[in-house]
Amino acid sequence: MTAAVPAGGSVAPAEGRMLPWGRARALANRLPAPLPPQEVPLAGAAGRALAAPVLARAAVPGFDNSAMDGYAVRGGGPWRVTGRILAGCPDPGALRDRTAVEIATGAPVPAGADRVVPYEDADRAGNLVSAPAVGREHIRRRGEDASPGDLLVSAGGPVTPAVMGLAASAGLDTLTVARPPRVRVLLTGDEIVRAGIPGPGQVRDALGPLLPPLLAGFGAEVTGLDLIDDTAGPLTAAMAGAAEEVVIVCGSSSVGPADHLHAALSRLAATVHVDGVACRPGRPQLLAELGGARWAVGLPGNPFAALVAAYTLPQPLIAGLTGRGLPELPSALVSGATRPLPGQTRLVPVRWGAGSAVVVAHDRSGYLGAAALADALAIIEPGWTPTTPTGLIVLR
Ligand SMILES: Nc1nc2c(c(=O)[nH]1)N[C@H]1C(S)=C(S)[C@@H](COP(=O)(O)OP(=O)(O)OC[C@H]3O[C@@H](n4cnc5c(N)ncnc54)[C@H](O)[C@@H]3O)O[C@H]1N2
Ligand code: MOO
């Protein structure tokens with residue numbers, strides 16, 4: 001749903017304009033154009049999104065090598081042992097008929113060898129070694145895992161430690177990855193204090209500590225976090241002045257007298273794509289397009305609602321900006337005290353139990369206690385019953 005906010009005022013997200021939770025996520029993922037990719041050294045690519053497929057540069061293995069410590073043998077035994085080949089040997093030479101060389105795992109196999117006999121299967125007597133007439137080859141052949149040019153990993157997935165190791169095995173020194181979108185977080189609320197025990201009427205900021213690591217895990221680079229005066233002017237100025245691709249505003253997305261995000265978006269002539277999501281908690285949240293391929297997201301101030309909302313709009317948005325789709329969600333049966341809500345998706349903290357996910361009690365919009373103990377958020381759709389497999393957003 002795309003609508004311009006009427007000038008000069010905040011507007012309550014009317015029930016009818018609220019997007020279903022799944023559609024809001026899909027829209028946030030689909031709207032942004034991916035940022036241009038960049039080539040980075042392997043070590044700097046951890047966790048980033050692959051923007052190009054990983055193609056092998058070298059054969060894997062690079063040469064025929066032994067899979068076992070033992071003897072490389074040629075022809076029928078017993079074999080006369082003529083030497084020893086260790087890993088790193090540049091030229092193992094050739095093996096003559098009825099001879100053997102001791103060989104280490106990973107060492108190049110001499111030309112003419114039929115197989116490697118592991119020490120455990122070999123009988124050594126002086127200079128002679130014997131073994132059963134038939135046995136496995138125990139030779140890893142050049143290119144049997146990958147040849148130069150082979151597709152190793154498709155674009156779009158994350159650079160995991162295994163992807164980095166695989167790329168190195170195949171001779172790569174760099175990877176082409178999506179540039180992480182830069183995100184600025186703006187906290188609002190005159191009651192918010194950033195340290196210590198809050199005084200009368202004050203509230204300790206929970207989102208300053210929560211959001212940066214969460215957003216970094218989504219693939220963003222959080223460039224800064226500011227506490228903004230709770231009036232429309234400073235909020236508008238802070239949003240206008242942010243050079244980042246994404247500005248996240250916390251605690252100003254509802255319709256109260258100090259909720260200025262709608263007014264700021266109006267002053268900035270933003271295009272509002274999402275204004276309220278049919279989920280609980282996290283209903284007042286916004287996604288808007290600022291000029292210059294920049295995005296504004298409004299998260300509710302209530303901390304658990306903000307956590308849910310972060311998985312609703314910023315996570316799919318950041319995925320879209322880095323060229324990734326929405327991930328497949330695991331599912332499980334959910335047991336415990338919860339019930340579906342008509343017309344709304346309910347996000348419920350759960351822990352893994354014996355074969356099912358168990359609801360964690362006390363999930364209050366303003367309190368993170370249940371979420372802090374949870375392994376996942378269960379996506380309870382209208383019509384859910386305890387026998388319905390339920391999608392999960394994994395929190396850990
Ligand atoms: N008339 C209506 N009132 C409200 C509605 C509504 O639809 N109609 N929605 C309610 C829901 S649901 C939520 S959630 C909140 C969201 O409000 P805002 O996003 O505008 O946030 P605030 O009003 O500023 O704050 C709400 C609550 O959260 C506390 N807060 C704010 N920032 C932080 C922070 N960084 N760390 C910890 N706590 C924070 C703030 O003190 C308030 O207690 O609106 C309802 N009202
Ligand atoms: O949905 Mo609000 O986001 O309940 O607290």
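What you see is a predicted model, and the numbers here were worked out from it, not measured in a lab. In what follows, every heavy atom counts, from backbone to side chain, and hydrogens, waters and symmetry copies are set aside. First listed ligand is number 1; within each ligand, the first listed atom is number 1.
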Checklist entry - Quick one: do Asp64 and Arg141 make a salt bridge, cutoff under 4.0 Å? => result yes
Checklist entry - Among protein heavy atoms, which sits nearest to atom 2 (Mo) of ligand 2, and what does the distance come to when rounded to 0.1 Å? => result Ser365 OG, 3.5 Å
Next on the checklist: Measuring from non-hydrogen atoms of Arg280 to any atom of ligand 1, is the shortest distance under 4.0 Å?
Outcome noted: no
Item to check | Check: Asn302 N/O within less than 3.5 Å of ligand 2 N/O | outcome: yes
Checklist entry - Out of curiosity, is Ala206 lining ligand 1, as in a heavy atom under 4.0 Å away? => result yes
Item to check | Nearest protein heavy atom with distance in Å, relative to atom 3 (O) of ligand 2 | outcome: Gly282 N, 2.6 Å
Item to check | Glu244 bridged to Arg184 by N-O distance under 4.0 Å | outcome: yes
Next on the checklist: I'd like to check which ligand 1 atoms, numbered from 1 as shown, lie under 4.0 Å from a non-hydrogen atom of Pro303.
Outcome noted: 37 (C), 38 (N)
Item to check | Heavy-atom gap Pro284 to ligand 1 smaller than 4.0 Å | outcome: yes
Item to check | Closest candidate by heavy atom, reference atom 27 (C) of ligand 1, pool Leu207, Val249, Asn302, Leu286 | outcome: Asn302
Checklist entry - For Tyr367, does the OH atom have more than 12 heavy-atom neighbours from other residues, nucleotides or ligands under 6.0 Å away? => result no
Checklist outcome for this item: Within the 4.0 Å heavy-atom cut-off, what Ala309 brings close to ligand 2 is neither
Checklist entry - Which atoms of ligand 1 have any heavy atom of Asp205 under 4.0 Å away? => result 34 (C), 35 (N), 36 (N)
Next on the checklist: Taking the side chain as everything from C-beta on, heavy atoms only, tell me whether Leu287 gets closer than 4.5 Å to Val272.
Outcome noted: no
Next on the checklist: Tell me whether the count of non-hydrogen atoms from other residues, nucleotides or ligands lying under 6.0 Å of CZ in Arg194 goes above 12.
Outcome noted: yes
Checklist outcome for this item: Closest to atom 33 (C) of ligand 1 (heavy atoms only, candidates Val185, Asp259, Ile192, Asp230) is Ile192
